[in-house]
*Asks:* 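Sharing a structure, written as structure tokens. Questions coming.
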Amino acid sequence: MSFSFLSGVEFVDEKEKPKGASPRDKFIANVDQQIKSYESSAEGKKHSVTTGKKTREVRLWFSSTDNENFIGDLRFAGMKIEIPGKKGKSIKVTGGIPGLIAFLGQVKEAAIKGELDKEISRLHAAVKARRAGKTKAQ
């Protein structure tokens, strides 16, 4: 049997099939959501995202009591990204929402360059292991 639609394609092993967004891409998308959330917050609005059929507010990584100094952590899959040499410490960003947005822009640029890949990969592996454990337990 011959299929005419296969005349111009090549066949490869299934292992070569893309798996979707990489952990780095997912982190960058989350940084973008954080930036949009703080921009909305500056306008007095709330930012929501829709995944599938559910709409939810973005959980903010940084908070402030005076709208000038923001304290928080970078996160991946709900877990804190540990900054080398700063274990147990949180990040303080000054300059209000504009300063925080600028900082998150710098984080995004660093992620694009791959500077956070080692830590993101560590957390991604932890998520996969956690999910594998749940699957085996069920």
Side-chain angles (χ1 to χ4, degrees):
M1 181 181 314
S2 170
F3 296 106
S4 61
F5 63 87
L6 297 176
S7 64
V9 299
E10 175 186 353
F11 287 89
V12 297
D13 289 332
E14 287 183 18
K15 296 175 191 171
E16 294 182 40
K17 189 167 117 179
K19 301 283 190 236
S22 70
R24 179 196 296 175
D25 292 339
K26 290 177 184 178
F27 176 73
I28 291 168
N30 286 334
V31 172
D32 284 337
Q33 291 302 323
Q34 290 291 310
I35 291 170
K36 289 176 186 172
S37 293
Y38 288 107
E39 288 172 343
S40 294
S41 175
E43 297 171 1
K45 301 176 185 173
K46 298 216 180 233
H47 177 69
S48 299
V49 290
T50 302
T51 52
K53 295 180 180 178
K54 294 183 180 181
T55 299
R56 63 172 177 79
E57 274 185 44
V58 174
R59 187 170 167 197
L60 299 176
W61 295 346
F62 291 82
S63 59
S64 176
T65 56
D66 61 5
N67 287 329
E68 182 59 30
N69 300 298
F70 285 82
I71 299 174
D73 303 297
L74 302 178
R75 305 190 76 72
F76 180 81
M79 296 178 284
K80 179 180 176 179
I81 293 178
E82 293 292 342
I83 307 298
K86 304 296 181 190
K87 187 168 179 77
K89 303 235 181 214
S90 291
I91 300 167
K92 179 179 179 181
V93 180
T94 60
I97 290 177
L100 182 58
I101 290 170
F103 169 74
L104 290 170
Q106 293 171 338
V107 169
K108 179 180 175 180
E109 290 301 316
I112 289 169
K113 292 177 187 175
E115 294 177 22
L116 296 162
D117 283 358
K118 185 176 180 181
E119 183 65 6
I120 290 171
S121 294
R122 181 185 72 78
L123 295 174
H124 180 65
V127 169
K128 286 177 69 174
R130 185 174 63 208
R131 288 182 181 157
K134 284 183 180 179
T135 302
K136 291 177 186 174
Q138 293 174 349

*Asks:* Hey, could you give me the CZ/CG distance between Arg24 and Asp117, rounded to the nearest 0.5 Å?
*Replies:*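 So the gap between those two atoms works out to 4.0 Å.
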*Asks:* Work out which heavy atom in Ser90 is nearest to a heavy atom in Gly72; give both atom names and the distance.
*Replies:*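 So the minimum-distance heavy-atom pair works out to CB-O, 3.5 Å.
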*Asks:* Listed by chain and number, what are the side-chain hydrogen bond (donor to acceptor under 3.5 Å, both in side chains) partners of Arg122, not counting sequence neighbours?
*Replies:*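 With sequence neighbours excluded, Arg122 shows a side-chain hydrogen bond (donor to acceptor under 3.5 Å, both in side chains) to Glu119, given in chain and number order.
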*Asks:* Going by the side chain to side chain contact (heavy atoms under 4.5 Å, CB included) test, name the single residue among Arg130, His124, Arg131 that passes it with Lys128.
*Replies:*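 For Lys128, the side chain to side chain contact (heavy atoms under 4.5 Å, CB included) check succeeds only for His124.
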*Asks:* Do Val31 and Ile71 land in one hydrophobic cluster if side-chain heavy atoms of ILVMFWY residues count as linked below 4.5 Å?
*Replies:*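 In one cluster with Val31: Ile71, no.
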*Asks:* Under a 4.5 Å side-chain heavy-atom rule over Ile, Leu, Val, Met, Phe, Trp and Tyr, are Ile28 and Leu60 clustered together?
*Replies:*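 Shared cluster, no.
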*Asks:* Which heavy atom of Tyr38 sits nearest a heavy atom of Trp61, and at what distance?
*Replies:*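 Smallest interatomic distance, heavy atoms only, reads OH-N, 3.6 Å.
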*Asks:* Taking side-chain hydrogen bond (donor to acceptor under 3.5 Å, both in side chains) as the test, write out the residues that go with Asp66, two or more places apart.
*Replies:*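 Ser64, Asn69.
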*Asks:* With Lys86, which residues qualify under side-chain contact (heavy atoms from CB on, under 4.5 Å), at least two apart?
*Replies:*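 Per chain and number, Lys86 pairs via side-chain contact (heavy atoms from CB on, under 4.5 Å) with Ile83, Lys89.
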*Asks:* First locate atom CD of Glu82, then atom CG of Leu74, and finally report the distance between them rounded to the nearest 0.5 Å.
*Replies:*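 Reported to 0.5 Å precision, the distance equals 10.5 Å.
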*Asks:* Which word best sums up how the rings of Phe27 and Phe76 line up, parallel for under 30°, tilted for 30 to 60°, or perpendicular for over 60°?
*Replies:*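 It falls in the tilted class, 30° to 60°.
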*Asks:* Atom CD in Glu39, atom CD in Gln34: separation rounded to 0.5 Å?
*Replies:*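 Glu39 atom CD to Gln34 atom CD measures 11.5 Å (nearest 0.5 Å).
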*Asks:* Spell out, as yes or no, whether a donor-acceptor pair under 3.5 Å connects the side chain of Ser40 to the backbone of Lys36.
*Replies:*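 Checked: pair present.
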*Asks:* When the side chains of residues 42-50 are checked against the rest of the protein, which donor-acceptor pairs come out under 3.5 Å, sequence neighbours left out?
*Replies:*
| from | atom 1 | to | atom 2 | distance (Å) |
| --- | --- | --- | --- | --- |
| His47 | NE2 | Gln33 | OE1 | 2.7 |
| Thr50 | OG1 | Thr55 | OG1 | 3.0 |

*Asks:* Could I get the full list of side-chain hydrogen bond (donor to acceptor under 3.5 Å, both in side chains) partners for Thr51, not counting sequence neighbours?
*Replies:*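 side-chain hydrogen bond (donor to acceptor under 3.5 Å, both in side chains) check on Thr51 returns nothing, list empty.
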*Asks:* Roughly how far, to the nearest 0.5 Å, is OG of Ser37 from CZ of Arg59?
*Replies:*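 Taking CZ in Arg59 and OG in Ser37, the distance rounds to 13.0 Å.
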*Asks:* Scan the side chains in residues 93-112 for donor-acceptor partners under 3.5 Å anywhere in the protein, sequence neighbours excluded, and list what turns up.
*Replies:*
| from | atom 1 | to | atom 2 | distance (Å) |
| --- | --- | --- | --- | --- |
| Lys108 | NZ | Asp32 | OD1 | 2.9 |

*Asks:* Does Lys80 have any salt bridge (Lys or Arg N to Asp or Glu O under 4.0 Å) partners at least two apart in sequence or in another chain, and if so, which?
*Replies:*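 Asp73.
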*Asks:* Taking side-chain contact (heavy atoms from CB on, under 4.5 Å) as the definition, give me every residue that meets it alongside Ala126, ordered by chain and number, with sequence neighbours left out.
*Replies:*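 Ala126: side-chain contact (heavy atoms from CB on, under 4.5 Å) contacts with Met79.
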*Asks:* For the hydrophobic clusters of this structure (ILVMFWY residues joined by side-chain heavy atoms under 4.5 Å, transitively), does one cluster hold both Val58 and Phe70?
*Replies:*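 Unlinked, Val58 and Phe70 end up in two clusters.
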*Asks:* Consider only side-chain heavy atoms of I, L, V, M, F, W and Y, link residues closer than 4.5 Å, and tell whether Ile35 and Ile81 are in one cluster.
*Replies:*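 Cluster IDs for Ile35 and Ile81 match.
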